[in-house]
S.K.: 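Questions regarding the structure given below will be posed in turn.
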Amino acid sequence: MPLAVVGFISTVGGAATSMVRPISESDLEPLAVGAWILGAGGGGSPYHAYLNIRQLLRSGRGVVLMDPASLADDDLVAVVSNMGAPLVGQERLTDPEIAARPVRMMQLYLGRPFDAVMSLEIGGGNAIQPLLVGAMLDLPVVDADCMGRAFPEAQMTSFAIGGLQMFPLTLADIRDNEVIVARAASWLWMERISRRVCVAVGSVAATCKAPRTGREVKEWGILHTITRAIGIGRAVMAARERHDDPVAALLSHAGGKRLFGGKISDMDRRTTEGFLRGSARITGLDADRGRELVLDFQNEFTIATLDGTPRAMTPEIICVIDAVAGEAIGTEMLRYGQRVTVVVLPCAPVLTSEKGLTLVGPRAFGYPLDFRSVFETGFE
Amino acid sequence: MKRIGIDVGGTNTDAVILERSRVVAAVKVPTTADVSTGVARALRELLASVPDIRDRAGGVEAVVIGTTHFTNAIIERRDLAPVAAIRIGLPASASLPPFCDWPDDLAALARGAVYMLQGGHEYDGRPIAPFDASGMRRVARDICARGLRSVGIASVFSPLTDECERAAAEILQEICPDVNVTLSRDLSRIGLLERENATLLNACLIGLARQTTRAFRAAIETSGISAPLFLTQNDGTVMRAEFAEAFPVFSFASGPTNSMRGAAFLSGLSDAMVVDVGGTTTDIGRLVRGFPAEANTVVLIGGVRTLFRMPDLLSVALGGGSIVDPSTGTFQGRSVGHRITEEALVFGGTSVTATDVAVADGRADIGDRDRVKALEPSLVQACLAAARELFETSVDRMKTDARQMPLVAVGGAAFLVPDRLPGFSDVVTVPNGAVANAIGAAIAQVSGEVDQIFSGCDRKTAIDRATELARARALDAGADAESLFVTDVEDLPLAYLPGDARRVRVRLVGEARPPAVKAQEPPRE
């Protein structure tokens with residue numbers, strides 16, 4: 001039986017259910033599998049972060065997951081991410097010592113300790129980054145992030161949608177380089193400046209974004225996304241174990257929609273302005289025989305066009321899943337001839353608000369399209 | 001052109017002589033624990049069946065052996081040498097040392113010592129930190145002191161710049177010249193942990209590889225053939241024995257690849273499903289343009305994560321030696337394996353096997369037919385129905401296309417495959433299908449591959465440079481320069497990196513270089 005669907009709106013509270021629970025080793029693989037799916041093709045593979053946290057737990061360190069509802073309004077929350085090019089991360093591996101450094105820097109800079117830590121993005125490796133920091137610095141991890149998926153740029157967050165302050169930011173390198181961006185004129189400037197620094201230190205760096213209060217997290221964070229990722233991972237892994245269809249398990253668990261099944265017949269990729277852009281052409285098989293889906297991506301999948309008509313679009317979560325293993329396939333891993341299923345998962349409602357769509361809707365990625373949800377009835 | 005192809009499987013060692021595209025002779029003998037005794041016997045029987053082969057127009061040009069010996073050593077955790085693992089890249093990647101994602105039992109055997117040193121490079125070629133040469137000297141002395149004989153070296157971004165790995169190897173050469181060294185840059189993939197894993201697997205197999213290839217050479221020499229030895233790799237191409245000795249990991253999964261290539265050759269089909277029914281298991285794969293379709297996912301070898309491209313296979317526990325449960329008419333999931341010639345009913349044994357059932361039904365004519373007369377017809381039909389159902393569901397899982405396509409049944413127990421399967425236009429059986437794997441080995445070509453990041457040049461220059469490197473590797477592996485052609489070009493621009501960085505993968509394939517002069521290849525040592 002799939003686990004209950006975990007929505008974006010808090011269903012916790014009221015009853016004295018545990019608001020804090022220790023993360024155990026059995027949570028880690030499902031979290032990695034689920035986070036990779038929620039990455040919408042981007043975010044980088046969570047494998048190294050997974051190895052690190054497993055090693056930390058085995059060495060006797062602990063980390064607890066905290067329901068956002070139990071944050072006090074004036075609690076101070078660190079928002080962490082590993083920033084950079086996924087490919088560089090395959091050679092320069094994530095390291096918990098480095099992940100913790102920008103958080104220590106921020107505490108020194110602010111002159112105040114953090115009460116908790118949370119992820120910038122639940123999609124990909126950054127889902128696990130706060131667990132590394134939490135285990136190193138003994139901070140609880142808030143069950144939330146500010147994307148609900150992966151996005152390529154720092155202004156593409158629910159905190160930016162909420163108009164919250166975007167500075168200060170701290171950044172640490174594997175060497176003795178530490179950088180503080182004390183102020184930035186806008187979210188875009190913050191992205192631009194921090195990206196420059198990141199490239200200078202080898203295109204991978206640990207960061208601590210603008211600190212948030214407990215109240216800001218409760219108001220603008222995307223809540224219970226770690227639980228969501230673990231649930232998705234569990235459903236997929238259980239189906240695989242039973243030799244059931246993992247895609248069906250994913251859809252029923254996450255409330256998603258199957259868009260298309262087929263074989264990749266053409267790939268076009270290029271980098272512009274630091275993004276991996278391109279498109280994959282998928283020729284339909286079985287029920288989709290005779291149809292063609294074109295998937296555009298800018299690090300993550302942005303638009304799915306079925307026989308010339310845009311059918312699914314950002315910020316809804318478009319995922320390409322290996323039809324057999326149920327594993328997500330990232331935009332960098334797509335290859336000619338792969339047999340895949342394309343699915344769409346619902347995104348956090350804040351992303352499809354008016355302000356949300358200006359930052360993460362199709363127009364934010366350069367498409368002259370108005371957002372339409374794939375889940376809208378009558379849009380067949 | 002005459003070639004001998006040999007496939008050393010878990011149960012049988014198969015050998016064929018191929019003259020142009022004709023199978024001149026084929027034999028099947030039991031595999032021996034040391035593998036080379038079985039190879040020697042196969043060669044002896046093969047040559048005895050064609051007495052004039054040595055004199056006929058130029059004799060044998062090459063002996064190509066496919067073996068799962070090295071994969072099995074990893075899977076069965078035997079004959080592995082403890083390895084000194086050297087990682088160069090500090091202060092990067094410090095928290096995940098070599099062997100960090102290996103299964104404990106395998107790591108315990110292979111982990112001789114772990115050293116991590118400063119050095120390595122960034123994606124753009126800048127050093128991460130200066131290479132710690134004096135630290136490397138201390139490491140080399142420690143390796144000597146511990147008596148370790150195998151060393152694996154991996155440096156961060158070495159597929160881009162191998163400077164640090166070469167510098168470390170030179171220091172080892174100077175301080176302990178008699179150790180075997182594997183450099184990760186020769187295994188050529190971006191992805192530090194996976195590349196390092198392949199390097200360490202290779203290092204712990206080098207002793208076994210040297211011993212095995214020498215025994216193969218001795219077996220060939222004893223048989224009176226003077227032809228170069230090649231070993232097959234997982235992509236359906238071959239490498240010279242000298243190269244295979246240094247890189248045993250490249251032979252991983254070559255067995256199923258050989259079967260599928262052999263099936264393509266024998267059937268003349270380049271796009272088909274292939275079912276290879278052996279003594280213990282059945283492997284199901286797909287041929288796409290004459291080569292096996294590759295798996296999408298990360299490949300685990302004995303539980304170790306690697307980036308090798310492996311054929312996309314489904315293995316099912318059903319083979320000619322599978323034991324029947326007479327009370328239910330189903331298969332028990334166990335096989336008598338190579339003891340089939342003693343234990344099966346048709347050979348005078350007492351176990352009811354899948355082969356016995358097929359003989360009783362008249363699908364196969366093996367051993368003594370009279371010995372299976374007493375089998376209940378209802379039991380025979382129940383077993384064949386169970387086999388049919390297993391084949392139907394398994395091939396359907398591997399089918400990527402609703403279109404009708406042909407299916408080629410090969411392997412020693414191909415007679416178990418039903419004559420018709422839903423979704424397939426044809427179930428093709430071929431003469432010599434029982435030795436398709438040895439034929440696949442005999443027809444294998446030579447390849448060279450590069451997978452590297454290029455920056456600061458345009459797309460064309462990057463692909464040209466990669467092609468040149470891949471060509472050099474193919475020549476090194478024994479390819480004939482004239483016959484080389486490019487089979488794969490893949491380039492991937494990289495996100496968030498300046499300087500038009502792109503990752504380029506190029507693969508070339510060509511014929512094996514014939515021996516230059518008759519008297520070349522003096523016996524080594």
S.K.: Strictly by modelled atom types, are B:Ser315 and B:Asp283 linked by a side-chain donor-acceptor pair under 3.5 Å?
M.R.: yes
S.K.: Please identify, among B:Val288, B:Ile128, B:Asp124, the residue contributing the most non-hydrogen atom pairs under 4.5 Å to chain A.
M.R.: B:Ile128
S.K.: Side-chain contact, heavy-atom cut-off 4.5 Å: B:His121 with B:Glu163?
M.R.: yes
S.K.: Heavy-atom cut-off 4.5 Å, strictly under: side chain, backbone, both or neither for A:Glu97 against chain B?
M.R.: neither
S.K.: Verify salt bridge (Lys or Arg N to Asp or Glu O under 4.0 Å) between B:Asp186 and B:Arg195, making sure each step is shown before the conclusion.
M.R.: CA-CA 10 Å; B:Asp186 291 321; B:Arg195 185 175 71 252; over 6 Å; no
S.K.: Among A:Leu51, A:Val201, A:Asp173, A:Leu56, single out the residue with the greatest number of heavy-atom pairs under 4.5 Å to chain B.
M.R.: A:Leu51
S.K.: Non-hydrogen contacts under 4.5 angstrom with chain A: give the residues of residues 87-94 of chain B involved, or none if there are none.
M.R.: B:Pro91, B:Ala92, B:Ser93, B:Ala94
S.K.: Chain B heavy atoms under 4.5 Å from A:Thr331: which part of the residue, side chain, backbone, both or neither?
M.R.: neither
S.K.: Between B:Ser184 and B:Ser158, do the side chains contain an N or O donor and an N or O acceptor separated by less than 3.5 Å?
M.R.: yes
S.K.: When heavy-atom pairs shorter than 4.5 Å are enumerated against chain A, which of B:Leu193, B:Val156, B:Leu96 gives the highest number?
M.R.: B:Leu96
S.K.: For a 4.5 angstrom cut-off between non-hydrogen side-chain atoms, does B:Trp102 reach B:Leu200?
M.R.: yes
S.K.: Would you call B:Arg185 and B:Glu165 a salt bridge, taking side-chain N to carboxylate O under 4.0 Å as the test?
M.R.: no
S.K.: Taking side chain as everything from C-beta outward and backbone as N, CA, C, O, which of these in B:Arg305 sits under 4.5 Å from a heavy atom of chain A? Side chain, backbone, both or neither.
M.R.: side chain
S.K.: Got A:Leu137 and A:Arg104 here, is their nearest side-chain heavy-atom distance under 4.5 Å?
M.R.: yes
S.K.: Going by atom types alone, do B:Ser95 and A:Asn52 pair a side-chain donor with an acceptor below 3.5 Å?
M.R.: yes
S.K.: Do B:Arg286 and B:Phe291 form a cation-pi contact, if we require the NZ or CZ to be under 6.0 Å from the six-membered ring centre and within 45 degrees of the ring's axis?
M.R.: no
